[in-house]
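First comes the structure, then the notes that go with it.
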Number of protein chains: 2
Amino acid sequence: MRQKTSRSTIKEVALAAGVSTQTVSRVINERPDVSPETRKRVQEVIDQLAYRPSAVARSLIRQRSHTLGVVTAGLKYIGPSRILSGIASAVEEAGYSLLLKELSDFDTKEIEPIFEAFISRHVDGIIWAVPEVGDNRTWVKEASLDVEIPLVYLTMQAQENISVVSVDNYLGGKMAVSHLLEQGFKHIGHISGPLDWWEARQRMTAWKDVLNENGIKVKDEHSVEGDWSLSSGIEATKKLLNQYPDVDAIFVANDQMALSAIQYLRQNGRRVPEDIGIVGFDDIPESEFFFPPLTTIQQDQNTVAKLAVEDIIKTIESGWHKLEPKEPQTIIVPPTLVVRQSSLHLRGIHEKEVEIK
Amino acid sequence: MRQKTSRSTIKEVALAAGVSTQTVSRVINERPDVSPETRKRVQEVIDQLAYRPSAVARSLIRQRSHTLGVVTAGLKYIGPSRILSGIASAVEEAGYSLLLKELSDFDTKEIEPIFEAFISRHVDGIIWAVPEVGDNRTWVKEASLDVEIPLVYLTMQAQENISVVSVDNYLGGKMAVSHLLEQGFKHIGHISGPLDWWEARQRMTAWKDVLNENGIKVKDEHSVEGDWSLSSGIEATKKLLNQYPDVDAIFVANDQMALSAIQYLRQNGRRVPEDIGIVGFDDIPESEFFFPPLTTIQQDQNTVAKLAVEDIIKTIESGWHKLEPKEPQTIIVPPTLVVRQSSLHLRGIHEKEVEIK
DNA sequence: CTGAAAGCGCTAACAC
DNA sequence: GTGTTAGCGCTTTCAG
């Protein structure tokens with residue numbers, strides 16, 4: 001028969017089992033110093049009353065909530081939700097709960113109240129999984145100064161006194177552009193993300209650096225700024241073709257823009273990869289099934305999430321107190337180049353000849 | 001100067017302000033019965049010490065946590081994350097916090113521990129935002145029987161004694177197929193989602209019903225089951241063309257499969273929409289920029305999320321107790337047909353002639 | 001208007 | 001082994 005009245009307390013269990021609350025506490029915490037018979041009797045009562053210890057009361061007395069605060073932004077995009085998914089399962093696995101806050105705007109100033117809510121709920125640690133846009137990093141750093149709680153940042157520029165876990169965007173950019181060069185492309189343009197995003201700047205800098213290292217002059221009109229969206233991919237491509245007519249390959253800062261770029265190019269009589277090679281960034285599910293399939297840089301966001309959770313929990317469980325300065329960790333995860341058809345120039349040339357015949 | 005020691009308590013504030021903790025409590029709760037001078041003095045101390053009342057202690061004494069438990073699954077897909085995003089902002093707006101659990105598997109049996117964790121943390125209500133797959137609904141219903149907490153289900157079959165907020169999948173399916181008929185298509189096939197999903201069955205049933213109502217015989221080989229993924233869209237299309245050679249239009253149960261279907265058709269020399277019309281379901285961002293742009297059914301998941309949150313908070317704040325049987329709410333949100341090029345047969349015929357000339 | 005006392009559900013520290 | 005006492009940080013009586 002089910003217990004349908006309100007949640008039962010340790011007192012009620014104690015009463016029903018004829019022991020003190022302390023003994024019940026010992027049983028539910030699996031302490032050794034309880035006689036087998038007592039334990040059994042208490043356990044039976046617990047099962048019968050469907051008693052569940054109150055995590056709230058425990059948090060109060062233990063000054064530990066076994067809860068992590070997680071801040072995200074842009075959940076409607078695929079990247080942030082994949083990260084959150086990774087965080088959620090890692091947190092779960094570690095036996096913690098997850099208190100979620102979503103920032104409605106990337107560079108919002110509602111950072112204070114978020115920290116306050118977390119503190120007031122006694123979270124044991126905070127994971128800041130908001131992309132670095134504009135100077136939101138500065139605000140967070142500011143706001144986090146009087147937070148005496150372990151804090152890890154995701155996808156943010158590594159810096160002193162701050163623990164960061166991130167994919168190596170710069171390396172990814174280098175891999176993409178080097179690959180295009182190896183394929184024999186000579187005039188490699190770039191469609192960047194919004195340049196107030198740190199990730200976008202990293203990818204763009206990598207593009208410039210690789211070209212420079214290979215003795216290729218980079219001019220301003222060789223790149224166009226997009227905003228990550230499909231529609232901006234079309235606009236940017238149009239503009240780039242215009243201001244850089246010689247372009248024979250484009251490193252596009254994310255897959256969505258790359259996909260719409262390909263679409264636009266094909267509709268305008270440019271073949272991919274024969275006329276123009278394309279490399280994207282992210283490896284979204286669509287990329288593999290596009291025509292032509294998109295060469296791209298794969299970010300292992302699951303690993304990033306796991307590492308961040310592991311790191312913060314290690315800090316928590318080591319009993320770190322803000323008083324001692326902590327040694328911040330910087331973990332950079334390398335991305336992977338996934339080669340598909342959209343960038344295969346060498347082979348593309350042959351296909352071209354065959355088709356033309 | 002910043003306060004760098006550990007969190008301050010109401011006691012410390014009281015001491016520093018020379019009043020009792022009770023008075024401090026009155027100030028932070030904005031009770032009227034405090035003299036202006038006292039209030040001011042206390043407020044100053046609060047600001048100076050950066051005092052934040054402990055939500056944990058409050059939850060304990062008030063037996064209300066101002067926290068909602070939310071369960072999702074499949075966060076790596078775009079649909080669930082959009083819903084979660086809507087939930088998160090609605091919850092925030094209502095002044096609640098959000099405790100998140102992700103089910104690793106749609107038909108997992110780890111439901112019990114999730115409820116237990118929520119109960120133990122004294123959540124005021126639970127939002128079950130996991131798609132109905134297989135008989136997971138039954139398990140949840142089972143597990144929720146002894147949960148004396150307001151509970152709302154998202155995207156689930158409406159039923160007795162359960163509050164449900166959902167998009168009208170059946171209506172969406174009808175809109176899609178009716179639209180294709182109006183466009184003059186005669187042989188409308190269907191690529192469904194996995195049929196252990198309730199949503200997939202709803203959409204499929206609608207397809208059948210509309211055809212039947214219009215005197216069209218539906219045979220088994222007129223539909224193929226996919227699994228929502230891009231790759232399954234290709235497989236399913238191949239199979240459908242094979243077993244239903246006359247097919248001149250396809251209602252595809254989600255946009256991802258629709259996109260890869262279009263891709264496959266075009267690569268195999270079938271023009272969309274001239275030879276085959278396509279309608280999808282979901283309206284993902286890509287659909288608008290595809291070639292041809294995809295006609296689809298738009299689900300307003302944000303509205304669904306908002307309604308669910310509003311409903312549960314209303315129940316909570318009405319002081320509902322499980323003892324009284326509650327009158328469950330069923331809210332069905334209608335979807336919208338978004339017409340783009342992929343389904344325009346009437347116009348398509350003219351274009352065809354023009355092109356051929 | 002303000003304070004003292006009691007207690008939310010649990011556990012730590014000590015007694016027995 | 002088990003019970004008693006005290007108290008986590010706050011709010012709710014109820015006096016004054």
Side-chain angles (χ1 to χ4, degrees), chain A residues 5-43 45-46 49-67 116-124 319, chain B residues 5-43 45-46 49-67 116-124 148:
Chain A
T5 51
S6 70
R7 189 200 328 286
S8 40
T9 70
I10 197 171
K11 235 188 211 164
E12 292 163 20
V13 175
L15 193 70
V19 296
S20 74
T21 61
Q22 187 44 231
T23 302
V24 179
S25 173
R26 284 184 182 112
V27 171
I28 59 186
N29 288 292
E30 292 170 326
R31 295 279 165 68
D33 49 354
V34 183
S35 77
E37 309 99 68
T38 312
R39 183 184 301 279
K40 182 158 170 288
R41 187 151 37 93
V42 171
Q43 191 57 55
V45 176
I46 288 176
L49 295 181
Y51 165 70
R52 301 289 163 246
S54 158
V56 173
R58 275 183 171 165
S59 303
L60 190 58
I61 196 159
R62 291 197 177 145
Q63 302 293 54
R64 279 279 312 279
S65 63
H66 270 265
T67 300
E116 292 192 358
F118 280 160
I119 292 178
S120 136
R121 289 197 148 70
H122 295 226
V123 300
D124 296 335
Chain B
T5 50
S6 70
R7 190 199 329 286
S8 40
T9 71
I10 198 172
K11 233 187 211 164
E12 292 163 22
V13 175
L15 193 70
V19 296
S20 74
T21 60
Q22 185 41 230
T23 303
V24 178
S25 174
R26 285 185 182 109
V27 171
I28 57 185
N29 288 292
E30 292 168 329
R31 294 279 165 69
D33 50 353
V34 184
S35 77
E37 309 97 69
T38 313
R39 184 185 301 279
K40 181 158 170 290
R41 187 153 35 95
V42 171
Q43 190 58 56
V45 176
I46 287 176
L49 295 181
Y51 166 70
R52 301 288 163 246
S54 158
V56 173
R58 276 184 170 165
S59 302
L60 189 58
I61 196 158
R62 291 195 178 147
Q63 301 292 55
R64 279 279 312 280
S65 63
H66 269 265
T67 300
E116 292 193 357
F118 280 160
I119 292 178
S120 137
R121 288 196 150 71
H122 293 228
V123 299
D124 297 334
E148 296 140 33

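Lettering of chains follows the sequences in order, A, B, ..., and the numbering in each one begins at 1.
Side chain of A:Lys11, nearest nucleotide from C:dC1, C:dC8, D:dT2: C:dC8.
Taking both residues in full, the closest heavy atoms of B:Ala14 and B:Ser20 are given as CB-C, 3.7 Å, listed atom of the first, atom of the second, then distance.
For the helix from C:dC1-D:dG16 to C:dC16-D:dG1, the axis fitted to the five pairs at one end and the axis fitted to the five pairs at the other end meet at an angle of 40° (nearest 10 degrees).
Using a 4.5 Å heavy-atom threshold, the side chains of B:Thr23 and B:Arg41 count as separate. No side-chain heavy atom of B:Phe118 sits less than 4.5 Å from a side-chain heavy atom of B:Thr67. Side chains of A:Thr38 and A:Arg26 form no contact here, defined as non-hydrogen atoms less than 4.5 Å apart.
Taking only side-chain nitrogens and oxygens, B:Ser54 never comes nearer than 4.0 Å to OP1 or OP2 of D:dG9. Applying the 4.0 Å criterion to OP1 and OP2 of D:dT2, one finds that A:Thr38 has a side-chain N or O inside that range. OP1 or OP2 of C:dG3 sits under 4.0 Å from a side-chain N or O of B:Thr23.
If you take CD1 of B:Ile46 and P of D:dC10, they are 10 Å apart, rounded to a whole angstrom. The interatomic distance linking B:Arg41 (CZ) with C:dC1 (C1') rounds to 13 Å, in whole Å. Atom C1' of nucleotide C:dT11 and atom CG of B:Leu60 are separated by 13 Å, given to the nearest angstrom. One atom, NZ of A:Lys40, and another, C1' of D:dG1, lie 18 Å apart when rounded to the nearest Å. Distance, A:Arg52 CZ to C:dC10 P: 12 Å, rounded to whole Å. Residue A:Arg64 contributes atom CZ, which lies 19 Å from atom P of C:dC10 at whole-angstrom precision. Between the NE2 atom of B:His122 and the C1' atom of D:dC10 there is a distance of 15 Å, rounded to whole Å. We find that CG of A:Leu15 is positioned 12 Å from P of D:dG3, with the value rounded to whole Å.
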Pick out the pairs of N or O atoms, protein on one side and nucleotides 11-14 of chain D on the other, that lie under 3.5 Å.
unit_1, atom_1, unit_2, atom_2, d
D:dT11, OP1, B:Asn29, ND2, 3.2
D:dT11, OP1, B:Arg58, NE, 2.6
D:dT11, OP1, B:Arg58, NH2, 3.2
D:dT11, OP1, B:Arg62, NH2, 3.4
D:dT11, OP2, B:Ser25, OG, 2.9
D:dT12, OP2, B:Arg31, NH2, 3.2
D:dT12, O4, B:Gln22, NE2, 2.3

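Of the possible donor and acceptor atoms, none in the side chain of B:Ser120 sits under 3.5 Å from a partner among the backbone N and O of A:Arg52. For the pair A:Arg121 (side chain) and B:Ala55 (backbone), a donor-acceptor distance under 3.5 Å is absent. A donor-acceptor pair is defined here as one N or O able to donate and one able to accept, closer than 3.5 Å; no such pair exists between the side chain of B:Ser25 and the backbone of B:Thr21.
In this structure, B:Gln22 CD and B:Ile10 CD1 are separated by 7.5 Å, a value rounded to the nearest 0.5 Å. Here CG of B:Leu60 is found 9.0 Å from OG of B:Ser54. Values are rounded to the nearest 0.5 Å.
Heavy-atom distances to DNA chain C give each of B:Ala57 and B:Pro36 a nearest nucleotide, and the one nearer the 5′ end belongs to B:Pro36.
Among the heavy atoms of the strands, none lies under 4.0 Å from B:Val56.
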